[in-house]
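These notes concern the structure reproduced below.
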Amino acid sequence: MKFFIDTANLGHIREAHELGILDGVTTNPSLMAKEGISGQANIGNHYRAICEIVVGDVSAEVIATDFKGMVEEGKRLADLAENIVVKVPMIKDGVKAIAHFVEIGIRTNCTLVFSAAQAILAAKAGASYVSPFIGRIDDTNWDGMLLIKEMAEIYAIQGYETEILAASIRSSRHIVEAAKNGADIVTCPLSAILGMLKHPLTDIGLEQFLADHRKVNG
Ligand code: G3P
């Protein structure tokens, strides 16, 4: 399973990259706004800066919601760097735009996916990635992981090449469950990645090893 970081924060992206486990980055308009990035030129420069840190794919989301607007914006984003993947929402014009991007050789990430039906449509249109939002499904008292499991089964049966990118990941437990249920990629905040390092017995064990070493070595 590949690891993407879900942020527009350059410091967090660098930290995950330096850990040596980072395969890519996803962003969305909320994450860009959180970093205070506004205006077409600044947004473009920020994506370029992200693409200089990571060699893997970087998802850049369109703001337009009509076919023509999404195509224009997507082409502009794709021109910024070779590893840009255009993120397109799961709406009617979005599906149409994804199919068009396939024809002109631009890779896409279909976002805001909450059902297996939507996931089938995204794959059928030819999205490179599809992003089911696990945490937001959990927020509605449903089980987001059931969607990952169902999608993995359907994609395997149908031979779809679209990669399942588990998004809206909130904890290291989500990452483990996504791996068990067949996600190809998880995209998560730095806190969830660093959370995977933690176990109290690791800390206790290391403290003991070092104390024993000091007893005989000073
Ligand atoms: O990649 C989508 C993700 O950013 C949504 O996460 O935590 O806002 O539901 P969240």
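Bear in mind the structure is a predicted one, so any value in this text is a computation, not a measurement. Every number for a ligand or one of its atoms is a count from 1 in the order of the listing.
Under the 4.5 Å side-chain contact rule for hydrophobic residues, L112 and V86 share a cluster. Y155 and I185 end up in different hydrophobic clusters when Ile, Leu, Val, Met, Phe, Trp and Tyr side chains are linked at under 4.5 Å.
The 4.0 Å heavy-atom shell around ligand 1 contains residues D6, N28, K87, F133, R136, A167, S168, R170, ordered by chain and number.
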| query | Step by step, would you call R107 with D57 a salt bridge (Lys or Arg N to Asp or Glu O under 4.0 Å)? | reply | CA-CA 10 Å; R107 292 174 307 132; D57 287 344; 2.6 Å; yes
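Across all their heavy atoms, L194 and L19 have their closest contact at CD2-CD2, 4.3 Å.
Under a 4.0 Å N-O distance rule, the pair E52/R48 does not qualify as a salt bridge.
Contact of the T140 side chain with the R136 side chain is not registered, since no non-hydrogen atoms from C-beta on lie closer than 4.5 Å.
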